[in-house]
Amino acid sequence: MEALINPPITLNPSPPRRPLFSLSLSSRTHLLPRATSRTSPCNSQIRTLRFAVSCKIGTSRDGSAKSEDKNVSRKIMLSEIAPPPLAEEGGGGGGAPARRRGGVFEAARRLSRRVLTILSNLGLAIGEMFSIAALMALGTFIEQGEAPNFYFEKYPEDHPVLGFFTWRWILTLGFDHMFSSPVFLGLLVLLGTSLMACTYTTQIPIVKVARRWSFLSSSEAIRKQEFSDSLPRASVNDLGVLLMGAGYEVFSKGPSLYAFKGLAGRFAPIGVHLAMLLIMGGGTLSAVGSFKGSVTVPQGLNFVVGDVLGPLGFLSKPLDAFNTEVHVNKFYMDYYESGDVSQFHTDLSLYDINGKEVLRKTISVNDPLRYGGITIYQTDWSISALQVLKDGEGPFNLAMAPLQLNGGEKKLYGTILPLEDPNSTQVKGISMLARDLQSVVLYDQEGKFAGVRRPNSKLPIEIDGKKIEILDAIGSSGLDLKTDPGVPIVYAGFGALMLTTCISYLSHSQVWALQDGTTLVIGGKSNRAKVEFSSEVNRLLDRVPEIVDASPAKQSNGV
């Protein structure tokens, strides 16, 4: 029968390998020896070793047990390796599951550490960012949100872009809605995971280490710092006062001193990572939780917000403001001196479900209307109709249609005022063209130019025996509506990113000092601006007062 005991013991650094001694015991005994060696003049280092004690009951050569008063031989084996844990007798079956559980947990922990190491790799994070940037650039190149027929015609299989890129790539990978496609969102999630892994494995441990008060108790350790110096006759207390005046947090323990400043610079990388996570989270929420819609409304008509907006993702939730009715009170435009359109405005009124006006505002380009989480933008315009009088009869509302021009981005709208001609089988009439709300060009039945009139000028024109007067040109306002719950999060993320980026440039500086008799040993380091740090510490050391004894005679006697 054998019992193993593993108590700690402090021994001389060079003990005999296998000291042996014998004790006489009548039963099994547990020994807890503790020995302390004296400090040698040549070597003051104390070494702690572990050893195992094995106790064996002496037996006769023929295997029979001797009487209780016989000697029991014991042997002490010194070892620096801890022995395995004791197992209870008859408990062999109970110990195996514990080892299996420990093995499973250890394997899971190793796997998690390996995954964290891979995810926190800087090269992987840079590759993810470049991939996201490439997809964003591709999303600006490919038209977003169009019907499938558009991509069939724009990216046909018989004429692929770059020799391989066709509509199949766009529709299969979801590049027609790039910023909510699984590929783009998956890369965002992967980048966010990498940022969190880097924060957990690198940035948080750095901050924990930076917050510790680490005193150095030897001059050699202080002199190994990036900056080191010594003052032969100086006091550590005087240095502490000067460091406090320079903005350092100072801690003193006996003859040792530790000071630091700029700890916020260590927290800044964590803030940068959190800001990037906010930006990506807000962008993802915008892509899968928004509503969007467009409408062109003639002056004087109205529409319901919920009839225009459509969901963009599976997280899109309708708002109470979707029951709001929008009425276009007036649409008008501003012009340059050349006659081109410079700006267009729409006077809008919003009514709740009870028909009460809750808001009225005139919007324009870059000046939207916001209400109940809904934003209404002024994006386009058109001419919907002309009001005319014919021989004093009317007014007649003639619908205007957009005309295609050969090149150019200028708009042109046209309509026709039909005239009854019993001698002709074809429908003929007076043609009217307008490029804006300022003037209308009129042509007779033969297509010959007849004249130009301004709306509401009250100046009639006679064409083919008919007196025509242009009363008004009715414009239509092109509006874009959307809800975007991710915008506040994105704005907060960009604000935090700018702030934490500036804070990250703050230097984290550390200073150690040790009073060695009358000599003051100083050392320090900084993670940024190392030249400025050295100059700052040198200026502080120049201001440390020198210790001078009041009685030179006593100093001489002492020496």
Side-chain angles (χ1 to χ4, degrees), residues 119 121-195 276-277 279-296 308-316 341 365-366 375 377-382 401-413 478-484 486-487 490 493-494:
L119 289 175
N121 183 269
L122 179 60
L124 176 63
I126 293 176
E128 292 164 357
M129 295 180 68
F130 272 106
S131 300
I132 292 173
L135 289 180
M136 293 175 67
L138 186 62
T140 60
F141 174 76
I142 301 175
E143 294 80 359
Q144 300 292 298
E146 300 291 342
N149 291 333
F150 174 84
Y151 301 102
F152 296 157
E153 298 176 0
K154 186 72 177 292
Y155 304 95
E157 292 185 326
D158 52 349
H159 295 289
V161 180
L162 301 178
F164 69 95
F165 195 78
T166 64
W167 61 267
R168 292 186 181 275
W169 288 85
I170 298 175
L171 298 182
T172 302
L173 298 177
F175 288 171
D176 55 332
H177 48 278
M178 174 67 74
F179 304 105
S180 60
S181 64
V183 177
F184 187 81
L185 295 180
L187 281 174
L188 284 182
V189 172
L190 185 59
L191 178 58
T193 307
S194 296
L195 290 175
M276 294 181 66
L277 290 174
I279 294 172
M280 291 187 294
T284 303
L285 183 59
S286 297
V288 300
S290 300
F291 285 83
K292 189 175 181 180
S294 300
V295 64
T296 300
V308 176
L309 292 174
L312 296 182
F314 60 93
L315 294 180
S316 300
V341 177
V365 179
N366 298 327
T375 306
Y377 297 92
Q378 179 76 73
T379 57
D380 202 358
W381 64 273
S382 64
L403 304 178
Q404 292 185 351
L405 300 177
N406 295 328
E409 297 181 354
K410 292 186 177 181
K411 297 182 178 183
L412 183 64
Y413 298 87
L479 305 174
D480 277 1
L481 291 80
K482 74 172 187 176
T483 65
D484 196 341
V487 167
V490 172
F494 273 109

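What you see is a predicted model, and the numbers here were worked out from it, not measured in a lab. Index from 1, following the sequence.
- Atom-to-atom distance recorded for Asn149:CG and Lys154:NZ is 14.5 Å, nearest 0.5 angstrom.
- Of all heavy-atom pairs spanning Met276 and Met129, the tightest one is CE-CE, 4.1 Å.
- When side chains are defined from C-beta on, Leu481 does not count as touching Lys292, because their heavy atoms never get closer than 4.5 Å.
- Heavy atoms only, all atoms of each residue included: Asp484 and Lys482 are closest at OD2-NZ, 4.0 Å.
- Distance alone, capped at 3.5 Å, is enough to place a donor-acceptor pair between the Ser316 side chain and the Ser290 backbone.
- Judged by distance alone, with hydrogens and angles left aside, the side-chain atoms of Gln378 form no donor-acceptor pair with the main-chain N or O of Leu479 at under 3.5 Å.
- Scanning all heavy atoms of the two residues, the minimum distance from Gly486 to Ser286 falls at CA-OG, 3.3 Å.
- For the atom pair CG (Leu187) and CD1 (Ile132), the distance works out to 5.5 Å, reported to the nearest 0.5 Å.
- Contact record, Phe179 with Leu185: O-CD2, 3.8 Å, taken as the closest heavy-atom pair.
- Ser294 and Asp480 make their closest contact through OG-OD1, 2.7 Å (heavy atoms, listed as atom of the first residue, atom of the second, distance).
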Mind running side chain to side chain contact (heavy atoms under 4.5 Å, CB included) on Leu138 and Phe184 for me, showing each step along the way?
-> CA-CA 11 Å; Leu138 186 62; Phe184 187 81; over 6 Å; no
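- Residues Lys411 and Asp380 meet the side-chain proximity criterion, which asks for heavy atoms closer than 4.5 Å.
- With rounding to the nearest 0.5 angstrom, the CD atom of Glu143 is 7.5 Å from the CZ atom of Phe141.
- Residues Tyr413 and Pro402 meet the side-chain proximity criterion, which asks for heavy atoms closer than 4.5 Å.
- Separation of atoms CG (Leu191) and CD1 (Ile126) is listed at 11.0 Å; rounding is to 0.5 Å.
- Judged by distance alone, the side chain of Ser194 and the main-chain N or O of Leu119 form a donor-acceptor pair under 3.5 Å.
- The OH atom of Tyr377 sits 10.0 Å away from atom CG of Asn366, with the distance rounded to the nearest 0.5 Å.
- Checking each of Phe164, Phe175, Tyr155 against Trp169 for a side-chain contact (heavy atoms from CB on, under 4.5 Å) leaves exactly one that passes, namely Phe164.
- Remark: side-chain polar atoms of Gln144 are paired, donor with acceptor, to backbone N or O of Met178 under 3.5 angstrom.
- Here the side chains of Asp176 and Phe150 are not in contact, with every heavy-atom distance at 4.5 Å or above.
- Scanning both residues, Tyr151 and Ile142, for their nearest heavy atoms gives CE2-CG2, 4.1 Å.
- Here the CZ atom belonging to Phe291 is positioned 8.0 Å from the CG atom belonging to Leu312, to the nearest 0.5 angstrom.
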Could you walk me through whether Leu195 and Met280 pass the side chain to side chain contact (heavy atoms under 4.5 Å, CB included) test, one step at a time?
-> CA-CA 11 Å; Leu195 290 175; Met280 291 187 294; 3.6 Å; yes
